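Down below is the structure, laid out as structure tokens.
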Amino acid sequence: MTAWQNWQAAFLKQARSDWDAYQKTTELEWPNCQRLHYLQMVTEKLSKAFLVAGDTKLENLTGSHAAFVKFIRIMSGNKNLQIALGMKKSQQKAKFNALLPLAREIELLAPALAQGGPNPEYPWEDPSGIILAPADYSFPLMQRLQKTPQGIQLLKYIEIFQKRFEELFM
Amino acid sequence: MSQNHNIVEAAEDLIHEHFELEPSLEQVIWINPDKTTEIRILEVNPETPPTGSVLSFHFPPYDKFPYRMKIAEITPEEWERILRHEIPLPNGWTLDNYKVYSRETVTI
């Protein structure tokens, strides 16, 4: 295998491991902060599995957490995926565009992007001066992921992309 | 039909389709079009989140598109910065040779 293939396999393996951990938090009803932490990591590493094969510089990969929104935007026009999912191109575009706000919310969970606000890893101070721990915060995003059609669809695609990665993208 | 002609046709079909699908797409830059086995595309779109870097996603060839594709979305400002060499291109990509497509030059 070439160097980029080794990096891609490693990012994919870690994304799958994070997904397994995410699934376990579902079974055990862990706090939302832990569930979202794993989910954010799945999406970041999955996106980076595509980026590392696309000649993206490694320092851009390790130094940035903003990849998932771009990944969903690029996927919205991917023809191979359109064929695999049996969608028309305009349908695929519309469907993926509808997922972008939730994808953005997941991306912004990374503490480096959360701008001192809610994130699943570190405490923050809210506008009224109250210090909050992630474990004490409800993270309404979790509800939107589980209860809205867009959330359910986005979770389904995240699962498909990493589980069928070799078939769809290699 | 030469291999080079095929890749030009495939790339331009893809670019055409992306202009058709994405109303906010302003320009598509085909980087190093002299490559015969892979297509490197920068899509300039003001609606993509700016990152100050070029994040290029890789897609392998498949039956109906037998070329490796590497594609990144950037903002118009990021494209200007790339031209000024303030933002580096991905590994191996160069500005020695590129083609610019705009909505006006692509018939939709």
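Throughout, a chain's letter reflects where its sequence line sits, starting with A, and its residues are numbered from 1. What you are looking at is a predicted structure, and each value in this text was computed from that prediction instead of being measured.
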Would you compute the distance between atom [atom1] of [X] and atom [atom2] of [Y] and round it to the nearest 0.5 angstrom?
X	Y	atom1	atom2	result
B:Glu47	A:Leu100	CD	CG	9.5 Å
A:Lys57	B:Leu89	NZ	CG	8.0 Å
B:Leu55	A:Ser64	CG	OG	6.0 Å

Group every Ile, Leu, Val, Met, Phe, Trp and Tyr by side-chain heavy-atom contacts under 4.5 Å, then state whether [X] and [Y] land in the same group.
X	Y	answer
A:Ile106	A:Leu113	no
A:Val42	A:Leu12	yes
A:Ile152	A:Leu99	no
A:Leu108	A:Leu132	no
A:Leu141	A:Leu46	yes

Can you find a pair of side-chain heavy atoms, one from [X] and one from [Y], that are under 4.5 Å apart?
X	Y	answer
B:Pro49	A:Arg73	yes
A:Asn78	B:Phe59	yes
B:Phe57	A:Met75	no
B:Lys64	A:Lys79	no

Item to check | A:Thr56 side chain to B:Ser56 backbone, donor-acceptor under 3.5 Å | outcome: yes
Checklist outcome for this item: Heaviest contributor of heavy-atom pairs below 4.5 Å to chain B, chosen from A:Ser90, A:Ala53, A:Ser47, A:Gly77, is A:Ala53
Item to check | Top contributor to chain B interface from A:Asn60, A:Leu61, A:Val69 [non-hydrogen pairs under 4.5 Å] | outcome: A:Asn60
Pick one of side chain, backbone, both or neither for [X], based on which atoms fall under 4.5 Å of a heavy atom in chain A.
X	answer
B:Glu43	neither
B:Asp63	neither
B:Leu14	neither

Proximity breakdown for [X] and chain B, heavy-atom pairs closer than 4.5 Å:
X	answer
A:Lys93	side chain
A:Ile74	side chain
A:Leu81	neither

Are more than 12 heavy atoms from other residues, nucleotides or ligands located less than 6.0 Å from atom [atom1] of [X]?
X	atom1	value
A:Tyr38	OH	no
A:Gln115	CD	no
A:Trp7	CH2	no

Item to check | Shortest non-hydrogen contact between A:Asp55 and B:Trp93, atoms and distance | outcome: OD2-NE1, 2.8 Å
